[in-house]
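Within every chain, numbering begins at 1; the chains are lettered A, B, ... in the order of the sequence lines, protein sequences first and strands thereafter. This structure is a prediction, so every number in the text was calculated from the model and none was measured.
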Amino acid sequence: MPSIDRSADHSVELKESPAILGFAALQDLLNLARVNSLWPMTFGIACCSIEMMAAGMARFDLDRFGIIFRSTPRQSDVMIVAGTISHKFVPTIKTLWEQMPGPKWVIAMGNCAISGGPFAYEGQYAIVNGADKFLPVDIYVPGCPPRPEGLIQGLLQLQKKITKGTIDANRRAEKAARRAKK
Amino acid sequence: MLNIKTIDDASINERVYQLNLGPQHPSTHGVLHLLLKLDGEVVIAADPIVGYSHRGHEKMAENRIWEQFLPNTSRIDYLSGLIYNQGYCMAVEKLCGIEVPERAEYIRVITSELNRISSHLLGIMAFVMDIGAFTPFLYGWDDREHVLDLLERVTGSRLTYCYNRFGGVRNDIDQEFCDGTRRFIDRLRGRFKDYHNLITENIIFIKRTRGVGIITEETALEFGVTGPSLRGSGVNYDVRKNEPYSVYPEFDFEIPVRKEGDVMARYQVRMAEMEQSMNIIEQALDNLPEGPVRSHVPRFIDPPAGDIYFAFESARGAVGYYIVSDGTRVPYRIKVRTPSFSNLFVLTRVLPGNFIADAIATLGSIDVVVPEIDR
Amino acid sequence: MFPQMMQSGLYDFFFVFIFFIISIALSLVMVTFNALIGPNFMGEKKTDTYESGMAPIKTAWMQFGASYYLFALIFLAFDVDVLYLFPVLLIYQKGAGFSELTALILFLFLISLAIVYAWRKGVFIWR
Amino acid sequence: MPTEGQKKLLEELKNSLTRALPEGRITSGDYARTGCHLEVRLSDVGMRRVAAVMKDKRFHLETITAVDFPGSFELIYLYSTYYDDICRVIAHIQILKDASPHTVSAIYPGAIWLEREIYDFFGIRFLDHPDLRRILNPDNADYFPLLKTFGKTKLTEEIDDILC
């Protein structure tokens, strides 16, 4: 098998310097603020981008979680990798990831971004099998394409991960269910 | 720490600036990279660079059996997935001479036309959003969700369908689906008044689209443009009418054609086409025959050796499967002729001379789906 | 120090001084606080100009059309005009009847003649 | 059930094609089975003459593709017409594995990118092509994916392995 573009192998090197005034209580307080305004970057590659758009529209309405799609990496916190990552697109994804400021997270949406999905087979020459080959992925949303509710649950799971559990949509839902039963 | 680039004097007296309307751009409907040479606001040359979502569908066709390629077909153009599904199944049925029961043909036409409406809804509203109107996008998606609910009841998925099989469709449609479709069509007809008030009579929209990005019939012929982009330039070519397939000859619908060939004409053709699709669905629902939905086909089919080209009409234009089979259980070669490929590269002839804003409006009106170009 | 300032009429400027101090402090806090509490990710492409994911081909420091400059001139005409409207606020309610309103409209009309002149000269035709 | 216009158009096409390509085998195809009304079989050269005849009959170039047969490549040119009487002409041109056919982009400008795609997938270099470079694969890729010798194709795999 001739050499296939191996640019995807070395992941993105970022020099992360933690906050100077970074004591835990302050960071937790700030995380509560960050969590309720997760601005993803519009960055749809393939079919999953349509379901990401559907999640942003009237019926599933991501705005109620404070999630507004920004088209430039300079103003976004979350990079939702929605679609198949081809070798030709890897340098661009790395550039966009490096150009995003401050605390940032990655959601791998759809089977293609998780593991190459329906296009992953032994002789595949065109795609990278998964975003975690070169990006620090936080949340994996399975599905081909995942339903908009799946993406919303992924974002809520990201909220739980950022605030280390203090904001937990599922726990709130269970409490509401218990209250309703009483 | 801030690296101020030194100004080399070569670039000072040069007026042509190269701009990347790049892979990650809200108006390119996916990962299309348009390299524009600009003189101030005016586009001098446009070079579309594609391949950012190339997944190798045609290579996958050569290492899996005929049935395994079905899921790929709806991922080539995920906005008209059912139409591509129907096309692939009809091409293989024609190759093997498989009979399809009457009811299955009607169900295929109903689901394909619903899929065409949902694809046009998204194509038009995304194009209108590129010009700056965000509200129609919300209305369009509201209607689209209704179509997706209907299709999800029957096919099980919202976007990447795999509903057609060789010899028919996967399962039957029930009365609830038929009533739901009729309710949806009445509702959408009412919504067309809103769309015309909101978009067609909007003075800003008219100023931005009238006389912009004109594709002449000659250019269309040279580049092989098909679909609404061609019917906006005065050529009455629709594969459903010109090369009738399936049960389309039994419905009477006409093909909307406009003469001007500008961005407004292509938009009006798509709006009129949605109304025609609704006529077809109603006629198909009215005389939906009874009977089985799938003829008996062996689990693994062995088509005879030979090659076949089957053309059908997707929301973006004439799609064609060129299939070469060598009589075994695995296709020898499948070439998918996608309309967006030819429609996109006509931009290299149409864009020079316009402003950037017009270039984005023209790109939106061509309504490309990028994985369809990259395959 | 305070009583002398009262007689010498500097009293009004004291408030301007306080306002100035607060604005400086506010902006400083906003910038430094941001740098202090936020983590910093530095990659080699972070400071490149963002051009939809690709490396910009050429620097944008080059000649550009004169029409951009003329367009800016028209903005300037109205920007200066707004500057003169500030004092009008102070004395607006003192006068009786409509004299101030007519003066204001006349002033605005005269300034907008600049727009008409530029329009006739063809600034808005982009070539 | 070919219409009058169709039969007339087919006759005209057959005559002008046989005049332009004496060495080509021109047979009328069976539309119901292969989807094409007229088949032109050539070897090595003649794609520009076919394109010229098609252009003045106002046909549009639907697509160009290639098929990698064990002994040779086969270039497929598909022309069809926009106007009322449907007619599709397919030209099979057999070329050697290392031949470099001539481009038809002078007659059909849309062919520039179709031919770039064929070069990208098969490595067939087209003569006098305005800018022959890769279109879908990364520019530094050194493989031609759709060749039967590259990667996983039926030839290199047993079918049962695929079915399991």
Side-chain angles (χ1 to χ4, degrees), chain A residues 41-61 63 69-73 76 79 81-93 95-97 99 110-112 116-128 143-150, chain B residues 20 22-31 33 49-60 62-64 68-69 71-72 74-79 81 118-119 122 125-126 129 134-135 137-146 148-149 152 157-160 162 369-372 374-375:
Chain A
M41 179 167 66
T42 47
F43 165 61
I45 307 171
C47 344
C48 289
S49 59
I50 304 291
E51 286 298 82
M52 188 169 72
M53 276 200 262
M57 281 303 121
R59 172 180 283 195
F60 300 102
D61 196 1
D63 283 6
F69 280 98
R70 306 300 301 165
S71 57
T72 144
S76 42
M79 173 196 263
V81 182
T84 326
I85 304 150
S86 67
H87 282 299
K88 195 171 184 180
F89 199 48
V90 164
T92 310
I93 297 180
T95 317
L96 289 172
W97 174 250
Q99 286 179 344
N111 297 348
C112 296
F119 306 106
Y121 63 96
E122 182 260 341
Q124 174 64 280
Y125 62 92
I127 66 165
V128 173
C144 184
R147 285 184 61 87
E149 292 96 335
Chain B
N20 283 313
Q24 191 263 339
H25 190 275
S27 86
T28 51
H29 302 266
V31 279
H33 177 198
I49 298 170
V50 286
Y52 290 102
S53 67
H54 171 58
R55 306 186 270 200
H57 282 285
E58 286 166 10
K59 185 67 183 179
M60 288 172 79
E62 285 166 14
N63 54 36
R64 38 199 74 228
Q68 282 176 321
F69 190 63
N72 281 52
S74 66
R75 284 167 176 77
I76 292 175
D77 174 3
Y78 41 77
L79 284 185
S118 79
S119 163
L122 190 96
M125 297 316 165
M129 193 171 80
F134 189 74
T135 344
F137 200 60
L138 293 165
Y139 283 108
W141 266 95
D142 182 21
D143 290 337
R144 193 163 186 279
E145 290 291 341
H146 284 272
L148 296 185
D149 291 347
E152 192 187 359
S157 52
R158 286 164 54 96
L159 199 67
T160 50
C162 193
V369 169
V370 180
E372 191 190 352
D374 301 344
R375 279 184 307 284

Measure distances from [X] to the heavy atoms of chain A and classify the residue's part below 4.5 Å as side chain, backbone, both or neither.
X: B:Asn72; value: side chain
X: B:Glu372; value: neither
X: B:Ile49; value: side chain
X: B:Leu138; value: both
X: B:Pro71; value: neither

Note, [X] side chain near [Y] side chain (heavy atom, < 4.5 Å):
X: B:Tyr78; Y: A:Glu51; result: no
X: B:Pro23; Y: A:Lys88; result: no
X: B:Gln24; Y: A:Thr42; result: yes
X: A:Arg59; Y: B:Asp149; result: yes
X: A:Met57; Y: B:Phe137; result: yes

Side-chain (B:Thr160) to main-chain (A:Cys144) donor-acceptor, under 3.5 angstrom: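 Answer holds: yes.
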Between atom [atom1] of [X] and atom [atom2] of [Y], what is the distance when rounded to the nearest 0.5 Å?
X: A:Phe89; Y: B:His33; atom1: CZ; atom2: NE2; value: 11.0 Å
X: B:Tyr52; Y: A:Thr92; atom1: OH; atom2: OG1; value: 5.0 Å
X: B:Arg144; Y: A:Met53; atom1: CZ; atom2: CE; value: 8.0 Å

Partners of B:Arg55 by salt bridge (charged side-chain N to carboxylate O under 4.0 Å, His left out), sequence neighbours excluded?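 For B:Arg55 there are no salt bridge (charged side-chain N to carboxylate O under 4.0 Å, His left out) partners, ignoring immediate neighbours.
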Taking only residues two or more places apart in sequence or in another chain, which ones pass ring-ring contact (aromatic ring centres under 6.0 Å, His included) with B:His57? A:Phe119
Does the plane of the ring in A:Tyr125 sit parallel, tilted or perpendicular to the ring in B:His54? Use 30° and 60° as the thresholds. tilted
For A:Ile85, is it the side chain, the backbone, both, or neither that has a heavy atom closer than 4.5 Å to a heavy atom of chain B?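 No part of A:Ile85 comes within 4.5 Å of chain B.
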Where do B:Leu159 and A:Cys47 come nearest, in terms of heavy atoms and distance?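 Nearest heavy atoms, B:Leu159 then A:Cys47: CD2-O, 3.3 Å.
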